[in-house]
Amino acid sequence: MPTQASDDAFAEVKAKVDLVKVVSEHVRLTKRNRELWGLCPFHQEDSPSFKVNPQMQSWYCFGCLRHGDVFTFVELIEKTDKRGALQMLAERAGVELQKLSPEQRERADDRKRLLAMLKLAAQYYEYVLWSSPAGEPGRKLLVQRQVGEETARKFQLGYAPAGRGFAEYLRAKKRSLADAQVAGLMRRDGSDFFAERLVIPIRDERGQTLAFTARTVRQDEQRKYINSPETPAYVKGRVIFALDLAKDEIARRGHAVLMEGQFDVITAHQFGVGNAVASSGTALTEDQVRLVKRFTDELLLVFDADRAGQQAMRKAAVLAAQHGMRTRAATLPEGLDPDEFLRSSGAQATERWQAITEAAPSSFEAGVAQDIAGFNPSNANQMEIVAGRLREWIGQFPESLRDGYAEVVERRTGISRHLLAKAPEKSPVKVVGNGLPARAPGKKTTVGRYLLQLLAVNPAAFERIRTKLAPDELDDEDRVVYVRMLETFDRGGASGLEKELGDYPAEVQDLIRRAWAAPPPNVDGEVAEELVARLRLDRMKGRHSGIIRELSEAERGREQERVARLEAEARELARAINDMERSN
Ligand SMILES: [Zn+2]
């Protein structure tokens, strides 16, 4: 039970944080009338059904029906509980919480101390780079790399001198060396972990330093780059390098440029490619895709031309596609990496980059080009191998894209799209548990269609559902067929359909014959009942969206009473839908 004190804490925090700001860090919101809309972060969708109401400080998703306030939002997005959400938001709002458990308080304090230490280190290294003779090797490296001071300062680049400089600095500031060791900045003997390296802060999208990567300035050093260890503040696969600097430019240009190396990104910003980011020390992860998707739907992938780089490009393309993002793959001439390419382009860098961007094909097509390199269509053997490769490539993408992709390949290679479709699985419809299809399979097989097929194969099931289904719960096309089949059943019983089928319209005959030839996976009466329930659910959802649309109209017109009534209705319906979904 929440205590009085914690209730106060919730109210106090709520008053101090703005839901819109919190949501905007995760969802790109667009203003429509007085509301803000975006793609729901809690379910997959292509068009925005996630609404934030700034006045009410509430949010609502018409797609998955999740809703709530700033606490529920943080709970869901950070996968924490109500306490955790309170704690995070309190930290942000600068509200002291009295009721933290000792462990929670300790964890929060640890993280805070770690972040403060990293910030201090970044400032120290930056100071050394620009204002100390010891920073000379770092400055020289930047000159070689053609990175100017302005760019370097934007990235807060620094230099870690040889020896124990940072330890001495901390001692002078009376700070604990232990924190620096935990942060991975210092060895036990106090020597600097990044000594004699150019230090590059890795920051989150809000510009907070979480870790460092560091490039050696010595010719004889084997390890060119070393990185901070993972800490409570830094989880590798969750950060996108330079997103804090690139996000505005990403929004402006409509796409992000994803590069492999952090230094590539720094050079890119130096040469005017301000929307460049890097996945930072790992192959692109799902968390990173979600993160960057807050800012754009399109990635331009710039990966090495070698085999490993191209494999990474393919993986990134598939992962992005699974999250509804488009990707294109840029190829740089002569196998150059972006850093080399931009530097060698000098004053023409912007222009040449533009040309590369414009010429970049979709990543899918880039993969196809690789797969068919050297392919001779008149060689039957080769044809089979290449078709196999392409089938595999197409099969990695979400189902909704595959038909279109097969068509693209057919046009490009002359290989029939049927050869490119994935070998059919045993059962055309995926079946879960009780025999219901996992979801409405394919484009045409809606729940209503499934029901009609089931009734064609097992007309006796009419007995179980006829009182439960009102024909107008079906859409127009299905309703006509349903009513006719029911009449036939009433006249002729289970065998009536076979006798009367000849009188049915041709396309209905076709539907029924096909159901007989290839029955749906489960035709039990029980399944028929479940389909009916599902139809009802779909209808309720449709009605719910209708109410929501009406609601925003009413809100626009400031019709207070109608708003209240519709809100109550929507809430009621949402509850009923939730109940129904849970019982299924
Ligand atoms: Zn949703």
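Numbering starts at 1 and runs along the sequence shown. One-based numbering, in listed order, for ligands and for the atoms of each. Just so it is clear, the structure is predicted and the values come from calculations on it, not from any experiment.
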* To do: Kindly say whether Trp59 contributes a backbone atom to a donor-acceptor pair with the side chain of Asp69 at under 3.5 angstrom?
  => no
* Asked: For the side chain of Asp524 and the backbone of Val527, is there at least one donor-acceptor N/O pair under 3.5 Å apart?
  -> no
* Kindly indicate whether a cation-pi arrangement holds for Lys541 with Phe62, taking the cut-offs as under 6.0 Å to the six-membered ring centre and within 45° of the axis. => no
Got a list of side-chain donor-acceptor pairs under 3.5 Å for residues 561-568, not counting sequence neighbours?
{"from": "Arg562", "atom 1": "NH1", "to": "Glu559", "atom 2": "OE1", "distance (Å)": "3.1"}
{"from": "Arg562", "atom 1": "NH1", "to": "Glu559", "atom 2": "OE2", "distance (Å)": "3.1"}
{"from": "Arg565", "atom 1": "NH1", "to": "Glu569", "atom 2": "OE1", "distance (Å)": "3.4"}

* Asked: Does the distance from a Lys or Arg side-chain N to an Asp or Glu carboxylate O, for Arg253 and Glu249, drop under 4.0 Å?
  -> yes
* Under 2.8 Å from the Zn ion (ligand 1), the protein N, O or S atoms, given as residue and atom -> Cys40 SG, His43 ND1, Cys61 SG, Cys64 SG
* Indicate whether the side chain of Glu75 and that of Thr72 have a donor and an acceptor atom separated by less than 3.5 Å. => no
